[in-house]
2 protein chains.
Amino acid sequence: MPGQNGRAFARRQYPCENCPLRPLPVFREFEKKELAFISNFKKGELAVDKGATVLVEGSHSAHLYTVLSGWAFRYKLLPDGRRQILNYLMPGDLIGLQGSVMGEMQHSVEALSPMLLCVFERDNLHELYRNHPGLGYDITWIASREERMLDENLLSVGRRSAIERAAYLIAFIASRAKVVGLNGKQSIQIPITQQHVADTLGLSLVHTNKTIRKLIDRKLIVWRDGGCEVVDNEALKLLAGWEGLGEGRRPLI
Amino acid sequence: MPGQNGRAFARRQYPCENCPLRPLPVFREFEKKELAFISNFKKGELAVDKGATVLVEGSHSAHLYTVLSGWAFRYKLLPDGRRQILNYLMPGDLIGLQGSVMGEMQHSVEALSPMLLCVFERDNLHELYRNHPGLGYDITWIASREERMLDENLLSVGRRSAIERAAYLIAFIASRAKVVGLNGKQSIQIPITQQHVADTLGLSLVHTNKTIRKLIDRKLIVWRDGGCEVVDNEALKLLAGWEGLGEGRRPLI
DNA sequence: CGCGGTTTTGAGAATCCTCAAAACCAGTGG
DNA sequence: CCACTGGTTTTGAGGATTCTCAAAACCGCG
């Protein structure tokens with residue numbers, strides 16, 4: 001039953017008890033009771049087309065989502081249309097927490113690929129905090145993690161040179177993708193255009209293109225099939241002066 | 001009893017029940033029980049000198065703070081010393097939540113003025129979530145608010161021109177300061193140097209100086225006594241294309 | 001084959017940077 | 001009271017980075 005805007009709201013397919021993501025080593029173990037609550041908290045799944053808008057700035061969404069599969073990005077616009085991409089979303093990431101907790105959404109979210117989202121009711125959040133303090137703590141943890149990623153991005157956009165920024169961004173995305181099992185045979189295909197990169201780094205499209213070319217010439221990445229493939233992640237990290245992700249486990253709501 | 005690093009750890013002076021901040025209209029009402037818990041959660045006060053480092057990247061702090069009075073800023077450094085200021089902290093803001101919740105601090109905090117901080121024990125956070133779900137929710141709310149501010153800053157640094165960035169930054173700080181009652185007679189003195197502005201906007205000191213001069217020439221701000229004073233906040237907002245803060249109430253931990 | 005989206009190239013211009021030095025200013029000690 | 005000091009702001013100048021404008025090349029898809 002396809003809905004408007006390229007979505008389909010389906011009866012759940014994956015019960016949380018055999019979630020395909022949860023067994024990954026990045027995610028912490030959940031207690032039976034917690035899992036049962038989450039499973040009940042989940043209202044269904046939402047299929048989103050590539051290019052569709054998942055959430056839009058200024059709206060009051062009644063839902064909260066977790067990415068089951070696919071890629072998306074968060075962004076903000078200036079009144080005259082200039083766009084800043086704030087972060088990328090991939091499996092295991094929560095979408096719309098800000099809106100759920102504070103009311104109005106202050107940013108938009110757009111799908112970079114077909115996606116499958118778990119849907120939660122915003123109104124049940126209070127029950128979660130009331131009956132499962134550990135999960136409440138986890139949500140704060142998730143918000144803090146998002147904040148930490150933003151800190152890093154801001155450092156990058158504010159203080160790194162163009163080529164360092166590009167190297168950081170790609171290494172960062174690739175590292176995150178890897179821990180959620182997005183490396184196909186071995187290398188990772190990031191489904192973004194150079195326009196996305198430009199809008200993330202705060203650079204123009206033309207300059208971004210010339211910067212990416214340098215990375216390609218140095219054989220750190222390749223650009224094909226309308227996306228970016230990482231060849232040498234360690235070299236990217238070195239170039240960016242980036243330590244890499246902390247490798248602790250995290251909660252999955 | 002002055003401690004090392006220009007600090008003094010004092011027995012509490014303000015019991016939370018007559019906190020000087022809480023009556024401000026920006027902060028939401030708390031229930032008696034909540035207030036009692038917070039009061040017990042609070043372990044004392046910390047006086048910090050101007051220029052002192054409150055928290056340092058890489059450390060595992062056992063404490064969490066709320067600013068009672070004074071100004072500070074959060075920042076990160078690149079390996080070669082380039083600095084990016086992430087945000088400013090003023091009365092009512094929480095310091096060190098990321099570190100408390102995720103373990104290691106990923107940024108540092110430095111005082112811009114003498115400060116008074118309320119000190120909380122990180123270990124008691126779990127009890128807070130367990131016994132006061134509403135407060136747990138509030139902490140998530142606070143983390144989300146911090147994230148929203150970072151989104152705005154990232155948009156600014158990534159996509160605004162130098163003069164727009166400067167206008168946005170000053171309008172933003174002044175607006176925040178105003179709602180926590182930091183406007184003395186009428187105008188607000190922001191205790192920052194142009195080096196701080198430069199490191200916030202991602203610009204060089206020289207260019208920042210020339211940009212600030214334009215704002216001064218346009219009579220939007222004045223710069224005196226080693227700080228910035230806002231003359232025409234509305235004009236700053238207009239120049240930056242910024243809507244202003246949402247004016248809802250918020251929790252105070 | 002034609003079309004829309006994406007990547008690439010070139011060229012001149014604006015923005016922003018670095019280096020260097022001077023001016024200014026508050027606090028300190030003689 | 002003045003000289004000295006360190007921090008901050010200001011100015012100038014040349015250079016690097018990044019931007020805009022414009023057009024071409026490329027590429028998957030109908």
Side-chain angles (χ1 to χ4, degrees), chain A residues 49-52 73 78 80-85 110-114 156-167 169-170 189-217 221-229 239, chain B residues 49-52 73 78 80-85 110-114 156-167 169-170 189-217 221-229 239:
Chain A
D49 288 344
K50 169 175 170 171
F73 63 94
L78 247 21
D80 65 359
R82 281 173 284 178
R83 178 175 74 172
Q84 178 66 38
I85 294 181
E110 183 179 321
L112 280 168
S113 71
S156 202
V157 173
R159 284 305 181 206
R160 279 192 248 248
S161 69
I163 195 166
E164 289 169 341
R165 274 184 235 185
L169 175 65
I170 294 170
Q189 263 281 348
I190 307 172
I192 53 177
T193 69
Q194 298 191 1
Q195 183 68 65
H196 290 120
V197 176
D199 286 350
T200 311
L201 303 185
L203 299 171
S204 72
L205 175 59
V206 172
H207 195 64
T208 298
N209 175 268
K210 285 165 184 166
T211 303
I212 286 178
R213 178 123 300 279
K214 287 183 193 166
L215 294 180
I216 296 172
D217 291 344
I221 62 171
V222 296
W223 205 273
R224 70 167 163 229
D225 301 332
C228 173
E229 218 173 291
L239 174 52
Chain B
D49 287 344
K50 168 175 171 171
F73 63 95
L78 285 175
D80 66 359
R82 282 173 285 179
R83 178 175 76 171
Q84 177 65 39
I85 294 181
E110 183 179 321
L112 280 168
S113 72
S156 202
V157 173
R159 284 304 181 207
R160 278 193 249 249
S161 69
I163 195 167
E164 289 169 340
R165 273 185 235 184
L169 174 65
I170 294 169
Q189 264 280 351
I190 307 171
I192 53 177
T193 68
Q194 299 191 1
Q195 183 68 65
H196 291 119
V197 176
D199 286 350
T200 311
L201 303 184
L203 298 172
S204 72
L205 175 59
V206 172
H207 195 64
T208 298
N209 175 268
K210 286 167 185 165
T211 303
I212 286 178
R213 178 121 301 278
K214 287 182 193 167
L215 293 181
I216 295 172
D217 290 345
I221 63 171
V222 296
W223 204 273
R224 68 165 165 233
D225 300 331
C228 173
E229 217 174 294
L239 174 52

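In the text below, chain A, chain B and the rest are named by the order of the sequence lines, each starting its count at 1.
Across the protein-nucleic acid pair, B:Q195 atom CD and D:dG7 atom P stand 12 Å apart, rounded to whole Å. Rounded to an integer number of Å, the gap from B:H196 NE2 to D:dG7 P is 13 Å. For B:R160 and D:dC19, the CZ to P distance is 17 Å, given to the nearest whole Å. Atom CG in A:L201 sits roughly 10 Å away from atom P in D:dC19 (whole-Å rounding). If you take CG of A:D199 and P of C:dG5, they are 16 Å apart, rounded to a whole angstrom. Atom CG of A:D217 is separated from atom C1' of C:dT7 by 14 Å (rounded to the nearest Å). Following rounding to the nearest Å, B:R159 (CZ) and C:dC16 (P) show an atom-to-atom distance of 13 Å. For A:K214 and D:dT18, the NZ to C1' distance is 11 Å, given to the nearest whole Å.
Looking only at side-chain heavy atoms (C-beta outward), B:S156 and B:L169 stay at 4.5 Å or farther from each other.
Between the side chain of A:Q195 and the backbone N or O of A:L205 there is no donor-acceptor pair closer than 3.5 Å. Within the 3.5 Å criterion, the main-chain N or O of B:R83 finds a donor-acceptor partner in the side chain of A:R159. The backbone N or O of B:I190 lies less than 3.5 Å from no partner atom in the side chain of B:E229, so there is not a single donor-acceptor pair.
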Identify each atom pair where a protein N or O and an N or O of nucleotides 27-30 of chain D are less than 3.5 Å apart, giving names and distance.
none

For nucleotides 8-15 of chain C, tabulate all protein N/O to nucleotide N/O atom pairs closer than 3.5 Å, reporting atom names and distance.
unit_1 : atom_1 : unit_2 : atom_2 : d
C:dT8  : OP1    : A:R213 : NH2    : 2.9
C:dT8  : OP2    : A:Q194 : NE2    : 3.1
C:dT8  : OP2    : A:N209 : ND2    : 2.6

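In this structure, B:G202 reaches the sugar-phosphate backbone alone: every heavy-atom distance under 4.0 Å involves primed, P, OP1 or OP2 atoms, never a base. A:T193 comes within 4.0 angstrom of sugar-phosphate atoms only, judged by non-hydrogen atoms across all strands, and of no base.
Note on A:R82 versus B:E164: salt bridge recorded, some NZ/NE/NH1/NH2 to OD/OE distance being below 4.0 Å.
From one end of the helix from C:dC1-D:dG30 to C:dG30-D:dC1 to the other, with five pairs defining each end axis, the axis direction shifts by 30° (rounded to 10°).
Between A:W223 and A:I192, the shortest heavy-atom contact is CZ2-O, 3.4 Å. Closest heavy-atom contact between A:A166 and A:T211: CB-CG2, 4.0 Å. When all heavy atoms of B:L203 and B:A162 are compared, the closest pair comes out as CD1-CB, 3.8 Å. What you find for A:L201 and A:V157 is that their closest heavy atoms are O-CG1, 3.9 Å. Here the closest non-hydrogen pair linking A:L112 and A:P191 is CD2-O, 3.6 Å.
Looking at A:H196 and A:T193, their side chains do bring a donor and an acceptor atom within 3.5 Å of each other.
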